[in-house]
Q: 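Before I ask anything, here is the structure I am working with.
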Amino acid sequence: MQVEGFLHLQEMTNLLRFGWQILGAALELYKFGVVWVVSLDGDGESQALCAKKPMPILGHYCSIITTLKFSPDGRFVASADRDFKIRVTIFPRDPLKGAHEIQSFCLGHTDFVSCLAFVCPSDYPLGFLLSGSGDSTVRLWDFSSGCLLATCEVGNMALESNETDKGNHPAVTDISSSADGALIVVSIQSFHGVMLLNCNFSAKSLSVAKVVSMKGSYVPTSLCVSSLAKHLWTVMGASNQPSSGTTQLARVRVCSISRQDGEDDLLVLEDNDTPGGEKLLSKLQGSSDVTEIESMLVSTTSALNSAIHNLLTKKQYSSEKREFRKKNRNDRKQKQ
């Protein structure tokens, strides 16, 4: 089984982001809510990924897509946009021909949808969908029908723990969970910590179980629960860091996950106690030293320019193929 990736490009914010899925193609989001697909199958030639022509697979027309997630079995792809909508699409066997079969729309949020997560409890093999939004809520969906099952208001509790943002309605920035949904973790805009949610799938209920604070000015904006649910990896981007002369491009903190008396608990680890230690953290967090990242930026810019050029350039044909195409067009006209 091949591990594939998707490239997310948001033109309005110049955001470049990579993610990974176990699928047969790479997906690319570009401009106003169009998802493009690039085949990663080998064709016998050493053709670079950036040289391949992407094909549109699905779209949220007239709205920018904010997040994209695949179900664990790869059967569905869920996409959300800035206009409060969640679309669940059946992922086709041949992605290059487009994804035209929509499973459902999950409608109910009152602000942009910022994050999605699939959970598959053992008693419910099809699973459920979790979503976070700018309306300060996390919602549980039966994505096969688009039915809203539960809503959890997390913004009020975040405001109670963060006196500097009174009067605002903080957005949910990310959500991550264990595969079975036993552990659900949420990060919230300007909130110095994370929230653990309790989901009773049989009762279709969703509630805040615990608030875990993180020391200093650390505001996690991206979360990932490890595959064995032993650690929670959190990232704070450079834009959220205080202007204290730091040279880090990001800040990474790891929490160990333990279960006591049927309840999950998080312990924020010191840097030297994290998996991989400080050496790994220094690589993940990066540096704003221009001399260290100049070559990486040059290569990334070159690949991006090549990909966009190939996307916008009209396909060229040999003179023989041009004559053959003209002949076919004339034959069709004569038959009409």
Q: Judged by atom type as modelled, is there a donor-acceptor pair below 3.5 Å linking the side chain of S187 to the main-chain atoms of D174?
A: yes
Q: What residues form a side-chain contact (heavy atoms from CB on, under 4.5 Å) with S178, not counting sequence neighbours?
A: D180, A182, L183, A229
Q: Return each pair, listed once, that meets ring-ring contact (aromatic ring centres under 6.0 Å, His included) where at least one residue sits in residues 254-284; pairs must be two or more places apart or across chains.
A: none
Q: Mind checking side-chain contact (heavy atoms from CB on, under 4.5 Å) for C224 and listing every partner two or more places apart, or none if nothing turns up?
A: none
Q: Only counting residues at least two apart or in another chain, list the ones meeting salt bridge (Lys or Arg N to Asp or Glu O under 4.0 Å) with K230.
A: none
Q: Which residues satisfy the side chain to side chain donor-acceptor pair (under 3.5 Å) test with D142, sequence neighbours excluded?
A: S144, S145
Q: Tell me every residue that passes side chain to side chain donor-acceptor pair (under 3.5 Å) with D271, counting only those two or more places apart in sequence or in another chain.
A: R251
Q: Suppose the criterion is ring-ring contact (aromatic ring centres under 6.0 Å, His included): which pairs have a residue in residues 194-232, not counting sequence neighbours?
A: F128-F201
Q: How would you list, by chain and number, every residue that makes a ring-ring contact (aromatic ring centres under 6.0 Å, His included) with F76, sequence neighbours excluded?
A: F143
Q: Can you list the residues that meet the side-chain contact (heavy atoms from CB on, under 4.5 Å) rule with T89, with sequence neighbours excluded?
A: L58, V77, R87, A99
Q: Could you pull out all residues at least two apart from S207 that satisfy side-chain contact (heavy atoms from CB on, under 4.5 Å)?
A: N198
Q: Show me the pairs that pass side-chain hydrogen bond (donor to acceptor under 3.5 Å, both in side chains) and involve residues 117-129, at least two apart or across chains.
A: none
Q: Compare every heavy atom of T221 with every heavy atom of M236, then report the nearest pair and how far apart it is.
A: CA-OG1, 3.9 Å
Q: If you group Ile, Leu, Val, Met, Phe, Trp and Tyr whenever their side-chain heavy atoms sit less than 4.5 Å apart, what else falls in with I102?
A: F105, L107
